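Okay, so here's the structure we're looking at.
Every chain is numbered from 1, with letters handed out A, B, ... down the list of sequences. Everything quoted here is computed from the prediction, not taken from an experiment.
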Amino acid sequence: MIGAAREAIVLPLMFLTVALLGGLQMNSATAFAPPSLFALVLGVLMLRILVRSGTLAPERLLSSSRRVLENANGAVVLVTLWIASAQIFTLLIPASGLPKVAFNVYFLLLMLNTAAADPDRPRLIHSLAVTFGTAFVLKFVVLSALSDPGGGRLARVLQALLEGITLGTLTQETQHPAVGYVAFFVLALFLTGVFMLPSRTSARHSRWLPA
Amino acid sequence: MAAPTSETTVRAAGLLLALVYASFAAWLYVRQPQTFEQVTGGLTAAIGAYRIDQQAFSDALRFFNNDQFVEARQALARADPAVRDARTQFYVAYSFYRQGWGRFYHDDTLYRQGVEAVDRAVALAEGGRLVVDDPSLQIHTAEELRSELVAGIERDTSDINPLRLLRERR
């Protein structure tokens with residue numbers, strides 16, 4: 001019963017909340033940004049890594065031995081997980097300029113490298129927490145502080161220097177302070193959801209993907 | 001092996017809940033509401049329960065007929081905080097038209113805002129058709145109003161026709 005509630009209610013609602021709030025932008029106007037095509041591709045890579053590591057056991061969500069309603073619940077979990085993964089990348093990748101390109105390349109290489117390293121479930125969750133946490137700090141603390149026009153004198157001098165050096169491609173549009181808190185909540189919710197996914201006991205005995 | 005009824009209920013309820021929540025999220029991404037009033041207004045409009053504030057609308061009409069267009073728009077915003085009523089948006093557009101109209105030249109900024117408002121009105125109207133039966137107005141359809149506004153923004157040879165000075169505001 002607990003497994004059914006987790007699969008049918010808790011996980012879909014968690015991932016849908018991530019998908020909903022992950023695109024929230026509050027600058028001059030409030031807007032919900034849909035995931036970019038690149039973020040959707042990164043989301044697919046994330047699913048692949050989750051399956052390879054055993055963090056997600058798709059056979060426990062979709063299989064011919066399950067009833068139609070159970071498979072429908074499983075399909076909802078998989079689809080919402082994919083969209084939530086894409087939105088997490090949308091959330092963490094800066095909106096414009098050099099940082100956007102750098103973060104895109106960084107996440108692509110990271111996903112490919114993680115897939116090649118073939119980590120097990122604990123290592124993957126640890127790795128995701130560290131990687132996403134670092135990207136969060138870089139975007140919402142460092143870049144945000146560098147782009148804040150209301151900063152102190154030193155910050156403005158540093159900003160002018162960086163603007164000159166990077167030809168204005170570093171600074172981002174200033175976001176409402178609440179966005180950082182929402183992003184932190186969304187990230188924590190996503191990682192919790194990933195931790196709660198139905199997993200495989202041994203990733204090395206996967207029948208779904210070649211080792 | 002048949003699953004217990006309670007588990008089936010949980011799974012069915014979960015599926016329904018997820019679909020409703022996903023529809024709500026998709027609606028937010030498509031509509032892009034800017035305020036909480038727009039969210040609640042959009043949801044009530046979806047079930048046909050949205051109503052404008054009639055008192056504020058009456059105030060707006062009084063301001064509008066007195067050529068107090070800024071005040072009229074403030075009252076219209078109070079009447080339709082969710083921006084879901086086609087008729088109210090028509091009056092918003094009309095107020096931009098009348099305020100921006102000039103015998104020698106029109107205010108392009110106000111006219112552009114008028115075009116945005118009339119486009120909103122058309123998008124909200126059922127089947128895109130909007131007719132306002134108000135005898136105090138000289139323009140009764142969204143198409144005519146939009147045409148007036150767009151003609152005011154465009155630059156062409158009719159701008160130098162001296163007879164345009166004889167035109168009256170509608």
Side chain, backbone, both or neither: which part of A:Pro12 has an atom under 4.5 Å from a heavy atom of chain B? side chain
Taking the side chain as every heavy atom from C-beta outward, state whether B:Tyr21 and A:Thr17 have any pair of such atoms under 4.5 Å apart. yes
Minimum heavy-atom separation for A:Leu69 to B:Thr8, with atom names? CD2-O, 3.6 Å
So CD of A:Gln25 and CD of B:Gln32: to nearest 0.5 Å the spacing works out to 9.0 Å
Would you say that more than 12 heavy atoms from the other residues, nucleotides or ligands in this model lie under 6.0 Å from the CZ of B:Arg129, or not? no
Could you note down all residue pairs passing ring-ring contact (aromatic ring centres under 6.0 Å, His included) where residues 43-77 of chain A supplies at least one of them, sequence neighbours left out? none
Mind listing the side-chain donor-acceptor pairs of residues 40-48 of chain B below 3.5 Å, one per line with the distance, residues two or more places apart or on another chain?
from, atom 1, to, atom 2, distance (Å)
B:Thr40, OG1, B:Phe36, O, 3.2
B:Thr40, OG1, B:Glu37, O, 3.0
B:Thr44, OG1, B:Thr40, O, 3.0
B:Thr44, OG1, B:Gly41, O, 2.9

Please say whether more than 12 non-hydrogen atoms of neighbouring residues, nucleotides or ligands are located less than 6.0 Å from CG in A:Leu109. yes
Between B:Val10 and A:Ala8 the two heavy atoms that sit nearest each other are O-CB, 4.0 Å
pair B:Arg11-A:Ile9: side-chain heavy atoms closer than 4.5 Å: no
Using a 4.5 Å cut-off on heavy atoms from C-beta on, say whether the side chain of B:Phe24 contacts that of A:Leu16. no
Closest non-hydrogen atom pair, A:Val76 against B:Ala18: CG1-CB, 3.9 Å
Over 12 non-hydrogen atoms of neighbours within 6.0 angstrom of CH2 in A:Trp82: no
Donor-acceptor under 3.5 Å (B:Tyr29 side chain, A:Leu20 main chain): yes
Gap separating the CD atom of B:Glu7 from the CZ atom of A:Arg67, nearest 0.5 angstrom: 6.0 Å
